[in-house]
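Throughout, protein chains are lettered first and strands after them, A, B, ... in sequence-line order, and every chain is numbered starting at 1. Predicted model, so just to flag it, every value in this text is computed and none were measured.
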Amino acid sequence: MAAAPAAGGAARGRGATSFQRKAAAGSRLAAVAGTRPSVRHGQLLLSSGLPSLDCVLGGGVAVGTLLLIEEDKYGLYSNLLFKYFLAEGVVCGHDLFVASAKEHPDNILKELPAPLLDDTYRNERGEEATAVKSEDFQDSMKIAWRYQNLPKVEASPTTSTKFGHYYDVSKTMSPELFQSIKWHSFYLPEELSLQPKMKTHNMNSAYSRLLQSIQRIIYQEGFDGSDPQKKLKNILRIGIQSLGSMLWGDDICSSDTPEYIHSLTKFLYVLRGLLRKSLSACIITVPAHLIQNKAIMERVTNLSDMVVGLESFIGSERETNPLYKDYHGLVHVQQIPRLNSLICDVSDTKDLAFRLKRKLFTIERLHLPPDLSDTVSRTSKQDLAESAKLLSSGCGAMAIGKKHLDF
Amino acid sequence: MFTELNELLDASPQRPETGKFTLLRDTRTDGSFLVHHFLSFYLRAGCKVCFVALLQSFSHYNIVAQKLGVSLTAAKERGQLVFLEGLKSCLDLLFGEEEKQSGQPSPLQFISESTSNLKALFDFVRTSLTPAGSDSWKGPVLLVDDLSVLLSLGATPVAVLDFIHYCRVTVCYQLKGNIVVLVHSNEDSEDEENELIVNSLCHHSDLILWVEGLATGFCKDVHGQIKIIRRASLELTAEQDLVQIYQYKIQDKNVTFFARGLSAAVL
């Protein structure tokens, strides 16, 4: 009964789909930059570019999995997460594959945020801390004075800064960092004009072209271990922007009864197969709020590994709600995968919100401010009840209940 | 396999039952731990298992099965386990070279063709479970991980129900084996096709294991509740279905089941 899990992908050849357990051989682990092994399931983990998101996802994005981002209403913050993922790939030296139907991938890559190196990041945090300290100095604690010198509670989940980097949104990445990076692009309007018609397998032609392109890159560059000569292993980070939108030729966002209702789900299934058999990870942003038929989103969620939804407050009544004044939106973690094990690493905080500070984007635990108003007005009580309902609905990572129960 | 679940179901690997259709149903949570349980249970019982694994890779199941004490690679080598890895088969179908396709038709060929019947998949199941003569396995078992994926791949609900019906006739009645199928369902789901399939399967199954989250939300010590429904109403004596509800907690190598409200954290 000593069937050890297969070691390495070198001798496997095309067609072997598997997670490869990399826990045992230390030399193979050290070879791939920008990754660390997971304690839970022995897979290699990549950073998503946002250390607080890594914490929420249980350590990072596992190699061979798919991270699906449900876009917020105007696509601003999901675009930011998309760029963070790619920027992390550049800093770690991974290969990139960027696919978009909206913007040319060259333009996307020109606008990646600049990484904050360790000392500049500490200066940033130091600046903010001193700014806050100078405000606080006036109101030093009079009653709880013993707590004066204790460190403040960290609102955002922290990880060690060796894995994952911080990025400055206000600056773009300098072109020198790109020089050693190999990247491939797929821009739909160009691809449609380049190649003649090809077999579509009952799928949207844009999706099948994209799949062919991804499969070709994985095979040619040897990410699936089919080339035993290649000693140096690297990770391929795939980013697909706004999948499912009308620009990809799909009509699920524009009609209740779309014609090719299975195109997106078939695409995700084949993509899952490609990811599982290669050293790659993929981020996809989907305009979920535009998809009329909710059944499709349920199927899409079942076919993805990690699903994170962003809900921004722009244009909603929550923007002016004093309860949410520190935050720009909410984060809903819809699904976390169980890989190679019965359990998954789900974080304890279910109520997450994000905010875009001057330079940094962070995901934090949602804290409601205490209700300190002297006059208890009806409207503020209702707001609190609404937000309490929101908090108790929780996330679907482990299990959520049927209905909201009032305690 | 989880010993506590065996006690609750009154099942034992020494005397596996025959001709049973078990439906695993999960609502808003992940019920795949039951698939791992039944896989290791039937392999321990010495049955020939055909596992149609549509959603995860082989090594995922292998690693979990090793934690439960069964080796899938060894079972495959001695012919006890026939494993259809859906992801690999789909890639071979779409990106395989032409020479490979001239052999046996792929079980998942409905993906690339316009006919949406699952006949090729049924033929695969039938050929793998029909006893070859030299086999000494106890009884055939068909295990399907996630029937709802077939809908995502383009099969119509009627085609899926036909496939299950043909499998039941062949595996449960002709070959005196068992079938275990996992589906996802949601009471206020908008996926009508999926709900159609789940309702139909509920009416035809002998045993339903329904895994749900707690109504009160997320809890670290109790991961959900499981409803065991024994369909006594299908028997000729026309009794009512027996429903038992337990709660469970998933650990690294085991799942503990306990009566409602009596989790270890509370006692």
Side-chain angles (χ1 to χ4, degrees), chain A residues 1-3 5-6 14-21 41-42 64 199 201-203 208 211-212 215 219 262 265-266 268-270 272-274 276-277 293-296 298-300 302-303 335 338-344 346 348 350 392-403 405 407, chain B residues 28-30 32-33 36 55-60 62-64 66-67 69-74 85-88 90-92 94-96 111-114 146 148-149 151-154 184 186-187 189-194 212-220 223-224 250-255:
Chain A
M1 230 198 14
R14 252 175 102 232
T17 320
S18 62
F19 274 127
Q20 285 145 12
R21 187 137 197 214
H41 47 69
K199 232 174 24 154
H201 305 289
N202 267 354
M203 217 188 306
S208 61
L211 282 173
Q212 298 274 354
Q215 192 266 341
Y219 179 59
H262 299 119
T265 43
K266 267 193 209 176
L268 286 176
Y269 188 77
V270 181
R272 190 186 175 106
L274 285 173
R276 287 288 196 267
K277 81 165 192 177
N293 190 348
K294 294 300 167 201
I296 298 181
E298 290 176 17
R299 292 181 189 177
V300 163
N302 277 339
L303 288 171
Q335 185 166 273
R338 288 163 202 252
L339 302 168
N340 296 345
S341 120
L342 290 169
I343 38 183
C344 59
V346 64
D348 279 342
K350 303 288 170 205
S392 63
S393 57
C395 99
M398 292 294 281
I400 58 173
K402 282 186 281 201
K403 51 195 185 294
L405 297 175
F407 284 100
Chain B
R28 267 188 286 239
T29 182
D30 191 7
S32 54
F33 66 95
H36 296 299
L55 212 50
Q56 299 280 11
S57 59
F58 176 73
S59 57
H60 166 84
N62 197 14
I63 293 176
V64 181
Q66 279 181 347
K67 291 187 185 167
V70 173
S71 164
L72 294 189
T73 21
E85 194 169 352
L87 294 171
K88 184 160 89 94
C90 181
L91 288 180
D92 285 340
L94 295 187
F95 301 120
I111 297 179
S112 69
E113 292 180 5
S114 49
D146 219 345
S148 316
V149 172
L151 286 178
S152 307
L153 289 175
H184 296 300
N186 199 349
E187 267 154 11
S189 151
E190 299 209 4
D191 194 349
E192 289 166 359
E193 296 182 346
N194 194 30
E212 291 178 288
L214 294 177
T216 45
F218 169 70
C219 171
K220 251 199 309 191
H223 293 158
I250 304 179
Q251 291 153 344
D252 191 35
K253 294 189 181 184
N254 193 15
V255 176

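- Across every non-hydrogen atom of A:Arg338 and B:Ile250, the tightest pair is NH1-CD1, 3.4 Å.
- In this structure, the side chains of B:Val149 and A:Asn302 stay at 4.5 Å or more apart for every pair of heavy atoms.
- Salt-bridge annotation for A:Lys277 and B:Glu85: absent, with no side-chain N of the basic residue lying under 4.0 Å from a carboxylate O of the acidic one.
- Interatomic distance, A:Arg272 CZ to B:Leu91 CG, rounded to the nearest 0.5 Å: 12.0 Å.
- With values rounded to the nearest 0.5 angstrom, B:Lys253 atom NZ is found 11.0 Å from A:Ile343 atom CD1.
- Considering every non-hydrogen atom in both A:Ser341 and B:Lys67, the closest pair reads CB-NZ, 3.5 Å.
- Looking at A:Leu268, there are no atoms closer than 4.5 Å to chain B (heavy atoms on both sides), in backbone or side chain.
- For the atom pair OH of A:Tyr269 and CG of B:Leu87, the computed distance is 4.5 Å after rounding to the nearest 0.5 Å.
- Of all heavy-atom pairs between B:His36 and A:Leu342, the closest is CD2-CD2, 3.7 Å.
- Between the A:Arg276 side chain and the B:Gln56 main chain, no donor and acceptor come within less than 3.5 Å of each other.
- Residue with the most contacts toward chain A among B:Ile111, B:Leu72, B:Asn186: B:Ile111 (heavy-atom pairs, distance under 4.5 Å).
- When each of B:Ser148, B:Ser189, B:Ser152 is checked for a side-chain hydrogen bond (donor to acceptor under 3.5 Å, both in side chains) with A:Glu298, only B:Ser189 meets the rule.
- Both the backbone and the side chain of A:Leu274 come within contact range of chain B, with heavy atoms under 4.5 Å apart.
- Most heavy-atom pairs under 4.5 Å with chain A, from the set B:Val255, B:Asp146, B:Val64: that is B:Val64.
- Between A:Leu339 atom CG and B:His60 atom NE2 the span is 7.5 Å, to the nearest 0.5 Å.
- In this structure, CG in B:Leu94 is found 6.0 Å from CE in A:Met203, a value given to the nearest 0.5 Å.
- Side chains of A:Leu303 and B:Leu55 form a contact here, defined as non-hydrogen atoms less than 4.5 Å apart.
- Separation of atoms CG (B:Asn62) and CG (A:Asn340) is listed at 9.5 Å; rounding is to 0.5 Å.
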